[in-house]
Amino acid sequence: MVDEETAAAYLRRIAVAPPVTADAATVRRLHRAHQVAVPFENLSIHLGEPISLEENDLADKIVQRRRGGFCYELNGLFALLLEALGARVIRVAARVYGDSGFSPPFDHLALVVRPADGSGPWLVDVGFGRHSDYPLLLDSRAGQDDPAGEFLLADAPDGDLDVLRDGRLQYRIELRERALADFVPTCWWQQTSPQSHFTVGTVCSRLTEDGRVSISGRTLIQTSGTTRTERQLDGDDALLAAYRDHFGIALHHVPSRSAPPGLVAQS
């Protein structure tokens, strides 16, 4: 659990004024505010920065240095904030669904949250990139409308739970409670393996008030309502300026296009 000072700094980071108690309405507000303020990004992998899941390291990176991260970091620290505010949080592992089927276990970290008012439980996920703006009611099997689309939670074999957006399977959750430390081996694999999509290229993305802004490689992608624009960022200065202007991330050099030296998995 983060201490009171860190929790206050975290709330400032996501532009939510204290005092805050984690009832359902507040968890909903925090969920969206986090995704607007804190980007989903894998830049550390391409900057040669090892990723740590230690509580102090997560708080330093996301709160103090105002960076983002991927699921283990974003949901990992968000869970600590919710617990500090009085919510009950269960960390769960998920396998992402893609063209080749399901990814390995622990490929994704999500949260099951019961707010301080006893409502829910809710599926909370601020670390999947483009996902729901707001928490999803875990026990509902009806469609749940969200600004990001219609979400459906469906029972899966072995007591697992499938998460679908607009009819397309996103990931499958194993509802067994886990500790953040259980994700450390897969977090290392995501940073180092040539088979990890995080080592292939850079991504940085966050919600905006009316859409989303992303940088994929050297392409700036902005959506506003139904309008989508793409612009190539020619030159390092343009790329660095875009990270600063759209995400508040000040870098001294551009991330490399390949996995950084020393972080490539050994065969």
Side-chain angles (χ1 to χ4, degrees), residues 1-4 6-8 10-11 13-16 18-38 40 53 55 58-59 62-63 68-96 106-142 144-148 151-156 159-165 170-183 207:
M1 184 181 298
V2 297
D3 59 31
E4 186 175 340
T6 302
Y10 197 165
L11 292 174
R13 168 80 170 96
I14 62 176
V16 174
V20 175
T21 301
D23 57 19
T26 302
V27 171
R28 178 178 169 88
R29 181 161 61 105
L30 292 170
H31 194 275
R32 190 176 195 281
H34 192 286
Q35 294 181 84
V36 171
V38 183
F40 177 88
L53 300 188
E55 176 182 323
L58 292 176
I62 294 171
V63 178
F70 55 9
C71 68
Y72 313 116
E73 302 170 280
L74 300 180
N75 284 327
L77 190 62
F78 195 54
L80 295 171
L81 174 66
L82 295 178
E83 288 173 334
L85 297 174
R88 169 78 170 97
V89 181
I90 295 174
R91 295 147 181 85
V92 293
R95 294 179 292 156
V96 178
F106 298 97
D107 187 50
H108 182 58
L109 165 67
L111 309 174
V112 174
V113 175
R114 192 174 290 278
D117 59 9
S119 63
W122 300 90
L123 174 62
V124 166
D125 192 347
V126 297
F128 195 62
R130 182 170 174 257
H131 196 53
S132 65
D133 287 17
Y134 298 106
L136 303 172
L137 191 58
L138 189 77
D139 293 339
S140 173
R141 298 297 175 264
Q144 302 186 51
D145 289 331
D146 182 89
F151 287 80
L152 180 70
L153 306 186
D155 294 319
D160 292 349
L161 189 65
D162 284 344
V163 180
L164 299 90
R165 186 185 76 226
Q170 303 296 296
Y171 55 78
R172 175 170 290 176
I173 300 170
E174 180 190 4
L175 290 172
R176 173 183 174 185
E177 183 171 7
R178 301 290 185 175
L180 186 56
D182 294 334
F183 295 85
L207 280 180

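Since we're looking at a predicted model, the values are computed, not measured.
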Heavy-atom side-chain contact between L30 and V124 under 4.5 Å
no
Does any part of the side chain of R28, heavy atoms only, come nearer than 4.5 Å to the side chain of R32, both counted from C-beta?
no
For a 4.5 angstrom cut-off between non-hydrogen side-chain atoms, does R95 reach D160?
yes
Enclosure of R178 CZ (heavy-atom neighbours >12, cutoff 6.0 Å)
yes
Is L207 close to D133 at the side-chain level, that is, under 4.5 Å between some pair of heavy atoms?
yes
If we only count heavy atoms from C-beta on, is the L153 to R141 side-chain gap below 4.5 Å?
yes
Distance-only polar pair, side chains of S119 and D117, donor-acceptor under 3.5 Å
yes
Kindly state whether the ring of H131 and the ring of Y171 have centres lying under 6.0 angstrom apart.
yes
Does some side-chain heavy atom of W122 sit less than 4.5 Å from a side-chain heavy atom of Y134?
no
In terms of heavy-atom contacts, does CZ of R130 have more than 12 from other residues, nucleotides or ligands at under 6.0 Å?
no
Checking side chain to side chain contact (heavy atoms under 4.5 Å, CB included) for the pair D182/R91: CA distance, chi angles, key distance, verdict?
CA-CA 10 Å; D182 294 334; R91 295 147 181 85; over 6 Å; no
Minimum heavy-atom distance between F151 and S132, given as atom pair plus value
CZ-N, 3.4 Å
